[in-house]
Protein chains: 4
Amino acid sequence: MRTGIWLIGARGSVAVTAMVGATALRARLVEPTGCVTELPQLRSAALPGWGELVFGGHDIVTTPVLKKADALAAAGVVPGRLVAALADELTAIDSDLRPLPAAPTQAGTAERIATDLREFRVRHELEQIVVINVSTTEPLPEPHPAHASLAALTEALSGPEPVLPPSALAAYAAFTAGCAFIDFTPSTGARLPALAELAESAGVPYAGNDGKTGETLVKSVLAPMFALRNLRVRSWSGINLLGGGDGANLADPAANAAKVASKQRVLGDALGYEPEGTSRIDYVAEIGDFKTAWDLVTFEGFLGTGMRMEFTWHGCDSALAAPLVLDLARLTAAAHRAGRAGPLSELGFFFKDPLGTGPSALAEQWATLAAFTAGLTR
Amino acid sequence: MRTGIWLIGARGSVAVTAMVGATALRARLVEPTGCVTELPQLRSAALPGWGELVFGGHDIVTTPVLKKADALAAAGVVPGRLVAALADELTAIDSDLRPLPAAPTQAGTAERIATDLREFRVRHELEQIVVINVSTTEPLPEPHPAHASLAALTEALSGPEPVLPPSALAAYAAFTAGCAFIDFTPSTGARLPALAELAESAGVPYAGNDGKTGETLVKSVLAPMFALRNLRVRSWSGINLLGGGDGANLADPAANAAKVASKQRVLGDALGYEPEGTSRIDYVAEIGDFKTAWDLVTFEGFLGTGMRMEFTWHGCDSALAAPLVLDLARLTAAAHRAGRAGPLSELGFFFKDPLGTGPSALAEQWATLAAFTAGLTR
Amino acid sequence: MRTGIWLIGARGSVAVTAMVGATALRARLVEPTGCVTELPQLRSAALPGWGELVFGGHDIVTTPVLKKADALAAAGVVPGRLVAALADELTAIDSDLRPLPAAPTQAGTAERIATDLREFRVRHELEQIVVINVSTTEPLPEPHPAHASLAALTEALSGPEPVLPPSALAAYAAFTAGCAFIDFTPSTGARLPALAELAESAGVPYAGNDGKTGETLVKSVLAPMFALRNLRVRSWSGINLLGGGDGANLADPAANAAKVASKQRVLGDALGYEPEGTSRIDYVAEIGDFKTAWDLVTFEGFLGTGMRMEFTWHGCDSALAAPLVLDLARLTAAAHRAGRAGPLSELGFFFKDPLGTGPSALAEQWATLAAFTAGLTR
Amino acid sequence: MRTGIWLIGARGSVAVTAMVGATALRARLVEPTGCVTELPQLRSAALPGWGELVFGGHDIVTTPVLKKADALAAAGVVPGRLVAALADELTAIDSDLRPLPAAPTQAGTAERIATDLREFRVRHELEQIVVINVSTTEPLPEPHPAHASLAALTEALSGPEPVLPPSALAAYAAFTAGCAFIDFTPSTGARLPALAELAESAGVPYAGNDGKTGETLVKSVLAPMFALRNLRVRSWSGINLLGGGDGANLADPAANAAKVASKQRVLGDALGYEPEGTSRIDYVAEIGDFKTAWDLVTFEGFLGTGMRMEFTWHGCDSALAAPLVLDLARLTAAAHRAGRAGPLSELGFFFKDPLGTGPSALAEQWATLAAFTAGLTR
């Protein structure tokens with residue numbers, strides 16, 4: 001089951017870390033640490049093997065994959081010895097990466113994206129392609145009437161004005177080319193009625209949004225802990241300090257707003273009420289890929305006694321995200337092959353702001369994921 | 001269903017906080033924050049109501065309940081206004097508290113404990129009594145051949161040498177008086193083959209050990225988080241700084257060893273391997289009841305990238321323990337009434353080191369507990 | 001040496017905590033913890049004694065002092081037993097508090113403020129009065145040409161448009177009434193050329209700005225530590241979570257900007273360069289007076305090795321500020337008596353953003369303060 | 001002024017990091033970050049230049065310097081590019097390293113150490129040699145009557161029983177060879193009356209003990225902060241988690257005791273009283289050279305209000321220690337040349353447990369050091 005992974009933002013940190021990792025796993029140079037599809041409960045013959053994954057993608061920058069991999073090695077994100085050992089394989093990926101197309105209308109751009117995907121399929125005799133958005137977070141888009149139905153959208157895309165943000169246009173193009181789509185960012189992606197309609201009619205699955213890699217992952221186990229113990233959370237405030245490309249982009253208040261909202265959502269879901277407090281994001285270039293998040297939780301116990309908990313998370317975002325990108329590609333390709341179309345709400349385990357109405361507590365999300373995976377057959 | 005709660009250590013912080021709380025709940029002066037049996041998923045008509053609980057107990061100290069409650073109010077553990085409002089009810093409890101008996105043989109002591117329990121039952125027309133050990137932690141006891149069978153134990157107890165540590169003698173006496181037993185401490189309690197035999201023959205249930213109130217509670221959700229994400233925990237080290245009676249006692253290395261062992265156990269269970277590191281306990285009188293625990297977790301992600309997490313927990317141990325003591329009393333009384341005898345492994349949610357072979361991840365323990373509670377009928 | 005302390009914001013948390021404390025010190029009910037003028041190196045017969053301090057002040061709210069003191073006791077800021085013991089003395093202070101005057105012109109308002117001060121002096125036969133601003137932080141004011149000289153200011157104050165922010169008007173009124181002035185907030189206070197001119201001509205001293213009570217205090221010792229060890233600070237980022245009146249006000253971005261700027265200033269001064277990062281302030285009502293600040297410092301050591309330090313500060317702002325308000329009143333009154341006029345740059349120890357060009361490292365500020373105090377004679 | 005640095009433990013992490021750094025500084029490949037003798041206030045023509053330092057030393061292991069440097073690069077302690085660029089220079093140092101001698105008597109061993117030092121001086125035409133102990137911490141030694149006077153010691157050293165721990169024997173040998181001695185560890189070093197006598201008669205200076213690199217450095221600025229603000233520290237507790245050779249050794253309770261004692265000393269000195277609490281050291285192999293220390297300080301403010309501060313220090317011990325070793329060598333060589341003999345109490349800035357009776361607050365230690373350095377002339 002040869003499977004294509006087409007990355008939007010293919011020369012960025014997450015994408016290249018995923019490429020280094022998948023290539024190293026195929027060469028059996030590393031353990032699959034961080035890949036949940038390699039846990040005994042999720043291992044499945046229905047999933048494509050490491051040797052069956054082929055990378056392609058779009059990006060607006062042109063840095064060669066190997067050069068980016070070297071930069072990641074220098075920053076401590078991936079081991080230098082792996083990059084050196086896999087230099088040829090990483091260089092070979094460049095031949096499947098394309099500049100992000102642009103045409104006079106969004107319909108035209110979408111068609112050119114779809115053409116890139118179809119050529120990728122033919123070139124590598126791929127059974128499935130999963131398009132995954134790992135580019136930087138977009139500002140919250142303006143609502144547009146054309147988002148409401150596929151018919152309206154199709155017409156609007158042919159006009160001179162852009163109606164879709166780039167992430168949604170990528171989802172549109174993926175669906176028209178018969179490819180699954182995953183949004184690993186808080187951007188719009190496939191979350192528009194018109195796109196849901198298209199995915200259904202094209203018979204392709206999709207998932208998202210916003211990979212749960214750090215602070216929110218911790219929240220998704222701590223918030224249920226307070227709930228299960230009937231302890232009342234009074235406030236939950238946090239700050240994320242991060243550099244790297246994503247950090248710079250999130251310094252933009254518009255993008256920041258999207259991200260911050262998705263970071264606090266888990267609290268309301270898990271607790272049944274919204275505690276006071278916000279989660280901030282600050283760009284600190286010096287910190288680079290190794291994000292630091294700090295959260296303070298104040299809570300009330302028996303007879304109103306006030307207590308506190310703090311945590312600090314020093315995580316490498318790209319190293320946390322990349323294995324999940326590979327997991328999502330394997331699971332979504334297998335779901336597509338098994339005939340699933342539309343939103344994969346069973347993948348909520350991976351996301352800060354999952355599609356559908358699944359549970360928000362990590363343990364329940366895990367049980368849902370395990371049942372989903374067990375139901376997939378090759 | 002009038003239910004007696006007989007506390008070993010009845011004049012200590014946990015016991016008196018439980019008394020203040022139960023009395024306040026009966027008077028509808030407070031919300032049942034921290035009581036898990038008041039969560040919608042666990043609420044059950046099979047459990048005794050707040051108005052049906054009657055307190056009694058043993059202690060070696062003689063501080064009046066009200067005086068201890070005032071001290072707890074001064075320390076910020078319980079609200080002073082509650083203590084003032086409930087002064088009469090709290091004072092009334094003194095008449096059901098007894099000095100811990102002592103006789104020339106342990107058989108004699110046990111008989112006098114059992115007599116106190118039987119008189120308590122008659123005095124208040126109690127349907128069930130649950131004996132709960134909330135006294136300070138004992139050193140790890142010497143093994144003794146008489147622990148292996150009820151016959152051997154019965155004989156040995158009549159001799160002049162003590163063969164059981166106090167917590168186990170309390171369990172023995174409880175069982176002989178037809179009472180359920182819970183050990184909320186890491187002491188031996190009912191965890192001896194001879195006592196298991198006795199509980200079975202007496203038809204009474206028991207549970208334990210060591211209430212999960214702070215650092216270990218957090219571990220029981222964070223360790224599964226790392227496991228579910230296939231992140232490898234390299235080291236997990238922690239320190240607990242606490243004052244109060246329990247802190248002073250745990251400064252004794254022998255008691256400390258028992259507690260520390262039970263604190264790290266959850267890691268091996270949840271992760272499937274033992275990470276490096278230990279959990280220390282230090283006595284700092286100044287800190288009083290408001291314990292501070294700090295943990296550092298170092299872990300490995302994709303391609304071996306090293307990352308870190310820290311947390312600090314500022315919790316009031318008595319305020320965290322007391323509602324669980326009430327929950328356990330309600331659940332165990334209902335189980336007893338429903339005909340359960342022997343170890344209640346379904347109560348692992350409450351303990352650091354639960355009896356039996358149940359799950360160690362908090363979410364799974366919760367599911368087990370919910371199913372158990374749903375199965376109880378009045 | 002009877003000395004008046006006239007507080008702007010006299011019914012707020014800092015002011016009333018200072019009143020409770022001074023009254024308790026006079027009655028010898030407490031130790032002078034937190035009062036630096038009681039350290040052996042600063043104790044001086046030139047300073048007014050606790051029994052010589054008399055409180056008065058302005059406020060726009062009308063809560064009685066005792067009622068506010070009770071609220072502070074309930075919040076754990078001051079001990080309830082002290083408030084109970086000192087109820088009469090605290091109630092008596094109300095008779096010296098006045099509503100903040102307002103007249104058609106700012107000249108008129110200033111005159112009424114000055115009248116209140118003169119009457120306070122006569123009523124209590126005060127040798128000195130120190131006016132101290134402890135009201136909530138103002139937004140950064142618009143520049144105005146009349147700020148540049150006393151002549152221009154005098155003229156402009158008679159017009160219908162306000163030209164001075166309230167803190168500066170208070171300083172103006174204080175100076176015209178021959179009183180010293182201290183701004184304990186980041187507001188404008190006396191920091192205008194026209195007011196410097198007035199203080200000089202009136203022969204009165206002044207000091208400020210912005211009491212250094214928590215995170216910035218810590219910065220003022222940690223930043224010099226890095227500098228003295230030639231370790232290069234790459235980034236210094238922080239967040240302050242606080243409730244209470246001040247927190248609510250600082251949620252206003254304009255006021256926040258003033259405060260945040262004064263919080264980072266110490267870094268540039270102590271290090272000789274501006275590290276990356278900002279210091280945020282978030283309002284969390286639940287947290288009340290017990291502020292939590294968290295800072296992350298990333299720094300570079302030998303051969304460029306990257307390292308990190310974090311700290312968390314759980315402080316009670318009013319309890320940290322109040323003794324410094326008393327210290328400042330004592331020192332400034334003594335300086336006034338000793339003939340000092342104009343800015344007291346030797347008091348930089350107390351402030352985040354001190355007047356003049358003194359040192360920013362705490363140890364050097366201390367040495368300067370000790371020399372200053374030693375030079376005061378009664 | 002060619003100056004020899006003779007390191008006891010010359011193939012360990014601190015020593016080799018110092019060698020890499022000094023060689024890189026000589027080659028102008030790096031900035032002197034972390035070297036305090038390069039700060040404007042301490043720069044002095046009296047100090048030997050980077051090009052005038054020559055390394056030699058003893059060790060019981062035989063790992064080549066370059067191999068150890070490569071291991072340090074792999075661990076992130078020094079940059080790999082520097083090690084590669086300086087490979088020849090680092091390899092050349094091996095020719096000046098010797099196995100630690102051992103003879104039938106300690107007198108014999110000392111004589112062989114001294115011979116190594118004299119040969120080192122002749123071989124490189126050195127004007128001064130500074131012997132610096134950077135080997136692992138010794139257990140606290142047994143007291144011995146021969147420690148009390150040089151005469152008794154000289155006699156005892158000729159006997160078959162060892163009377164001096166290795167660090168003290170190294171100091172003895174250094175003094176007899178006319179070399180200065182510095183103990184950068186908490187071991188005994190020169191702190192015996194007999195050795196003080198010998199240093200005086202030989203006219204050589206010495207300094208120590210125990211380089212102040214992390215948690216204690218922070219304590220030496222925070223403790224004075226609390227003191228200067230008249231805030232009462234109630235408890236100060238900490239834990240140090242570290243791997244590496246030093247960590248493994250400190251897991252030995254005897255060595256640990258020496259280190260822990262020196263870590264708390266600064267508190268009593270700076271505060272004037274001993275707060276409750278201890279500072280623990282735990283060995284966590286996984287953590288390697290990047291130590292994590294966590295401290296909790298509870299303190300009391302105005303009117304007894306309780307507050308808290310925590311800090312976490314993530315430092316690389318070798319990278320913090322190495323530049324101080326170079327600083328100490330430069331300063332001590334210059335002091336020796338300037339005719340100083342006996343203990344250099346002015347170097348307290350560098351040590352956890354300084355010789356003599358100097359100040360313990362960092363800022364005061366700095367002032368003392370600056371005056372000392374200014375007094376040195378070439």
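Please read these numbers as outputs of a predicted model, since none were measured by experiment. By convention in this document, chain letters (A, B, ...) are assigned in the order of the sequence lines, proteins followed by strands, and residues within each chain are numbered from 1.
- Side-chain contact between C:Ser220 and C:Lys352: absent, with no pair of heavy atoms (C-beta onward) separated by less than 4.5 Å.
- For the pair D:Trp313/D:Val218, a side-chain contact is recorded, criterion being any heavy-atom separation below 4.5 Å from C-beta on.
- Counting heavy-atom pairs closer than 4.5 Å to chain D, the top residue among C:Arg232, C:Glu31, C:Met307, C:Glu364 is C:Met307.
- In this pair, C:Phe311 and C:Trp236 present their aromatic rings perpendicular. The plane angle is above 60°, beyond the 30 to 60° band.
- When atom types are taken as modelled, the side chain of C:Arg330 and the backbone of C:Pro48 share a donor-acceptor pair closer than 3.5 angstrom.
- Chosen from D:Leu231, D:Thr312, D:Leu369, the residue pairing most often with chain C at heavy-atom distances under 4.5 Å is D:Thr312.
- Contact tally against chain C (heavy-atom pairs below 4.5 Å) for D:Leu324, D:Leu39, D:Val30, D:Leu82: the top residue is D:Leu39.
- When heavy atoms are compared at a cutoff of 4.5 Å, D:Ala227 approaches chain C solely by way of its backbone atoms N, CA, C and O.
- Here the side chains of D:Glu310 and C:Glu310 are not in contact, with every heavy-atom distance at 4.5 Å or above.
- For C:Leu217, the parts sitting under 4.5 Å from any heavy atom of chain D are the backbone and the side chain alike.
- In this structure, chain D has a heavy atom under 4.5 Å from the side chain of C:Trp366, while its backbone stays farther away.
- Side chain of C:Asp289 to main chain of C:Asp317: no donor-acceptor pair is present (N/O by atom type, distance under 3.5 Å, no hydrogens or angles).
- Closest approach of C:Asp327 to C:Gly34, counting heavy atoms only: OD2-O, 3.9 Å.
- Contact detail for C:Ala223 and C:Leu267: the closest heavy-atom pair is CB-CD2, 3.9 Å.
- Annotation: maximal heavy-atom pairing with chain C below 4.5 Å, among D:Cys316, D:Ala363, D:Gly315, occurs at D:Cys316.
- By the 30° and 60° cut-offs, the orientation of the rings of C:Phe184 relative to C:Phe351 is perpendicular.
- For a residue to count as touching a neighbouring chain, one of its non-hydrogen atoms must lie under 4.5 Å from one of that chain's; by this rule C:Pro224 does not touch chain D.
- Of the two parts of C:Phe299, only the side chain, counted from C-beta on, holds a non-hydrogen atom closer than 4.5 Å to a non-hydrogen atom of chain D.
- Heavy-atom distances place no part of C:Val297 under 4.5 Å from chain D, backbone and side chain included.
- For C:Lys212, the parts lying near chain D are the backbone and the side chain together; criterion is any non-hydrogen pair under 4.5 Å.
- At a 4.5 Å heavy-atom cutoff, the contact between D:Phe349 and chain C is made by backbone and side-chain atoms alike.
- Both the backbone and the side chain of C:Thr17 come within contact range of chain D, judged by heavy atoms closer than 4.5 Å.
- The candidate with the highest count of non-hydrogen atom pairs below 4.5 Å against chain C, out of D:Leu228, D:Val78, D:Leu320, is D:Leu228.
- In this structure, chain C has no heavy atom under 4.5 Å from any part of D:Leu29.
- D:Asn240 and D:Glu215 are linked by a side-chain donor-acceptor pair at a separation below 3.5 angstrom, with hydrogens and angles left out of the test.
- The candidate with the highest count of non-hydrogen atom pairs below 4.5 Å against chain C, out of D:Glu300, D:Gln41, D:Glu38, D:Met225, is D:Met225.
- When all heavy atoms of C:Phe55 and C:Ala18 are compared, the pair lying nearest together is CZ-O, 3.9 Å.
- Chosen from C:Ala322, C:Ala24, C:Pro32, C:Cys35, the residue pairing most often with chain D at heavy-atom distances under 4.5 Å is C:Cys35.
- Contacts between C:Ala293 and chain D at a heavy-atom distance below 4.5 Å are absent for every atom of the residue.
- Across C:Val36, C:Leu303, C:Leu362, the residue that shares the most heavy-atom pairs under 4.5 angstrom with chain D is C:Leu303.
- With a 4.5 Å cut-off on non-hydrogen atoms, C:Leu296 does not touch chain D at all.
- Side-chain atoms of D:Ser235 and D:Thr298 form a donor-acceptor pair, as typed in the model, at a separation below 3.5 Å.
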